[in-house]
Amino acid sequence: MAFVNPQIQRTSSPSSNISTRGQNFDVFLSFRGNDTRHNFTDHLYKALIRERISTFRDAEELRRGEEIAGELLKAIEESRVCIVILSEKYAHSRWCLDELAKIIEYREEMGILVFPIFYRVEPSDVRKQTGPFGEAFIHHEEKEKNEGMRKIERWRNALTVVANIGGWSLYDGVVRV
């Protein structure tokens with residue numbers, strides 16, 4: 001299975017060289033477990049493994065007793081590619097949004113390639129934080145006050161950036177590029 005970037009990705013630091021970092025994984029999968037773990041993400045993960053593509057998926061790679069956040073951040077940093085599976089409830093998870101913000105940060109700083117998959121969501125809803133993504137932010141903003149608003153802006157920025165990267169939209173088994 002080969003991934004072809006449908007749109008050339010540009011990072012803010014053109015001198016980034018991902019080959020200089022220690023890499024344990026070819027691919028890091030970012031997804032909302034409740035939405036896609038036992039369907040799309042599971043099939044994608046199995047296809048990548050079948051093709052001998054080293055893939056990090058939290059349920060498979062996290063060791064018991066290790067700090068989850070640190071282990072995930074390390075896995076992102078040590079991956080060549082991040083596939084972000086944006087689904088209806090993705091933005092409802094603070095964990096997913098923190099992960100995405102870090103992925104976008106590493107994309108800009110280290111040149112990690114990012115491929116978004118819009119799983120039953122419209123890229124424009126992700127980009128503009130409308131529809132289910134807007135609903136999630138209403139909830140986050142009600143819970144956060146003052147200091148948390150910086151974090152929310154970081155999440156919004158990360159969603160806008162990822163939605164502007166050429167990716168794939170998947171609706172009922174039909175892929176749109």
Could you measure the distance from the [atom1] atom of [X] to the [atom2] atom of [Y]? Nearest 0.5 Å is fine.
X: Ile83; Y: Leu48; atom1: CD1; atom2: CG; value: 5.5 Å
X: Asp42; Y: Arg57; atom1: CG; atom2: CZ; value: 5.0 Å
X: Thr36; Y: Leu44; atom1: OG1; atom2: CG; value: 9.0 Å
X: Leu29; Y: Asp58; atom1: CG; atom2: CG; value: 9.0 Å
X: Ile85; Y: Thr41; atom1: CD1; atom2: OG1; value: 3.5 Å

Do Lys151 and Asp98 make a side-chain contact, defined as non-hydrogen atoms from C-beta onward lying under 4.5 Å apart? yes
Any side-chain heavy-atom pair from Ile103 and Val162 closer than 4.5 angstrom? no
Show your working on side chain to side chain contact (heavy atoms under 4.5 Å, CB included) between Leu159 and Leu86 and close with a plain yes or no. CA-CA 9 Å; Leu159 285 168; Leu86 297 148; 4.1 Å; yes
Does Tyr90 form a side chain to side chain donor-acceptor pair (under 3.5 Å) with Ser30? I'd like the steps, not just the answer. CA-CA 9 Å; Tyr90 188 92; Ser30 176; 2.8 Å; yes
Over all heavy atoms of both residues, which pair between [X] and [Y] is shortest? Give the atoms and the distance, please.
X: Gly167; Y: Phe118; result: CA-CE1, 4.5 Å
X: Ser79; Y: Ile112; result: O-CG1, 3.8 Å
X: Pro116; Y: Gly166; result: CD-O, 3.7 Å
X: Arg127; Y: Gln129; result: O-NE2, 3.1 Å
X: Phe115; Y: Leu113; result: CE1-CB, 4.1 Å
X: Val126; Y: Ala163; result: CG1-CB, 3.8 Å

Determine whether the aromatic ring centres of residues His43 and Phe40 are separated by less than 6.0 angstrom. no
Test log, rule salt bridge (Lys or Arg N to Asp or Glu O under 4.0 Å), inputs Lys102 and Glu105: CA-CA 5 Å; Lys102 189 53 78 172; Glu105 179 184 320; 3.2 Å; yes
Steps toward side chain to side chain contact (heavy atoms under 4.5 Å, CB included) verdict (Arg107, Ile165): CA-CA 11 Å; Arg107 175 183 182 257; Ile165 299 170; 3.6 Å; yes
Are any side-chain N or O atoms of [X] and backbone N or O atoms of [Y], one a donor and one an acceptor, separated by less than 3.5 Å?
X: His140; Y: Ala91; result: yes
X: Tyr119; Y: Phe31; result: no
X: Thr55; Y: Phe28; result: no
X: Ser93; Y: Trp95; result: yes
X: Glu78; Y: Ile76; result: no
X: Asn164; Y: Thr160; result: yes
X: Asp26; Y: Ile53; result: no

Test side chain to side chain contact (heavy atoms under 4.5 Å, CB included) on Leu72 and Glu99 and set out the steps. CA-CA 8 Å; Leu72 281 175; Glu99 191 176 277; 3.6 Å; yes
Residues in side-chain contact (heavy atoms from CB on, under 4.5 Å) contact with Lys89, at least two apart in sequence or another chain: Arg32, Asp35, His92
Among residues at least two apart in sequence or on other chains, which ones pass side-chain contact (heavy atoms from CB on, under 4.5 Å) with Glu135? none
Between Phe137 and Arg156, is there a cation-pi geometry (under 6.0 Å to ring centre, at most 45° from the normal)? yes
Where do Glu88 and Phe133 land on the side chain to side chain contact (heavy atoms under 4.5 Å, CB included) test, with the steps shown first? CA-CA 7 Å; Glu88 191 173 309; Phe133 288 81; over 6 Å; no
Pair Asp125-Thr130, side chain to side chain donor-acceptor pair (under 3.5 Å): steps then yes or no: CA-CA 5 Å; Asp125 284 343; Thr130 57; 2.6 Å; yes
